[in-house]
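Heads up: numbering here begins at 1 and tracks the sequence. If you're wondering where the values come from, they're calculated on a predicted model, not measured in any experiment. Note that ligands are numbered from 1 as they come in the structure, with each ligand's atoms numbered from 1 the same way.
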Amino acid sequence: MTQATMTQAEYWNGEVGQRWARSQAVLDAVFAPLTEALFAGAALPPGAAILDIGCGAGATALVAARAAGTGGRVLAADLSGPLLEVARGRAVQAGDAPVAWVEADAETQDFGAAAFDHAISRFGVMFFSDSRAAFANIRRSLKPGGRLTFLCWRAMADNPWVTVPRAAVLPLVPDAAPPDVEGPGPFRFADPEGLSRLLRAAGFDEVACAPVARDLLLGQADDGSARTAAGAAAAVVVELGPVSRLLRDREPPVRQAALEAVTEAFLPHARDGAVRLEAGCWLVSAG
Ligand SMILES: C[S@@+](CC[C@H](N)C(=O)[O-])C[C@H]1O[C@@H](n2cnc3c(N)ncnc32)[C@H](O)[C@@H]1O
């Protein structure tokens, strides 16, 4: 089955979900500056009831549980069994809100009407088959005055952490399909006007899309070696995220060649034993 013909449930429950599940710690470290931006934007108050959409391996649900405290509650939903298995194994700290994990499609799941003060998502809302229906379903789950805050990617050109390795990999996969910016996929909501229209059509009255740019620490070397840092950074982007999509179902020699090509591409970006490249997102707030 190709990427184009799979359902999202098949995609995130198959090899990709397993890979994300294995890489949870790395992923959370790389995305840490973006997670901070998400929670600064959401400003979740103690006692809040919070819905985490496409919660993946659980990092954001746990931060939300810390913010909400014992008087709050978190419902974390995802359609990936392997990612939820990792999430369920992560401990909620004393003093945090209880977290309930649910394997569910956010497009169709009944989360209860007016049940949550806030919905959040870190890159979990770009994969719906019917985005309008999904956002309307999320809107319905929010109390009057409730807000949805999420991060999604800006255009690929605003994401050097993607364009630099992608340029290195493309010659190795000349048959790769161009990125789909209309259907489910990471860059689907790059256009803030289109996204705002969609959210309004789904029932949100005010929508704000604020640009967020952060350097992501993709790889580093204890001994300060530029090559080691570049190799570590290459291993991350070949495994996870938009560049890894180009390599899905490719034979090991192609993957190995990609790792080497990306290492070379990252070398000029290594400083003091670390590779950092910019990521550009929209911090979207809708109420
Ligand atoms: C790019 S990953 C982000 C995961 C997590 N939020 C993070 O930041 O690590 C996208 C997530 O959205 C989930 N997802 C995709 N479509 C979904 C849907 N319709 N309902 C619930 N979760 C969905 C996937 O299973 C996956 O875990």
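Ring pair Trp153/Phe123 is parallel by interplanar angle, where below 30° counts as parallel and above 60° as perpendicular. In this pair, Phe111 and Phe116 present their aromatic rings perpendicular. The plane angle is above 60°, beyond the 30 to 60° band.
For the pair Arg132/Glu107, no side-chain contact is recorded, criterion being any heavy-atom separation below 4.5 Å from C-beta on. Proximity of Leu75 to Ile50: side-chain heavy atoms (C-beta onward) are nowhere separated by under 4.5 Å.
The contact shell of ligand 1, taken as protein residues with any non-hydrogen atom closer than 4.0 angstrom, comprises Trp12, Trp20, Leu27, Gly54, Cys55, Gly56, Asp78, Leu79, Ser80, Leu83, Ala104, Asp105, Ala106, Arg122, Phe123, Gly124, Phe127, Phe128.
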**OP:** Evaluate the criterion ring pair (Phe, Tyr, Trp, His ring centres under 6.0 Å) for residue pair Phe128 and Phe135; output intermediate values, then yes/no.
**Re:** CA-CA 9 Å; Phe128 302 131; Phe135 283 123; 5.7 Å; yes

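Taking CD from Glu36 and CG from Leu38, the interatomic distance works out to 11.0 Å, rounded to the nearest 0.5 Å.
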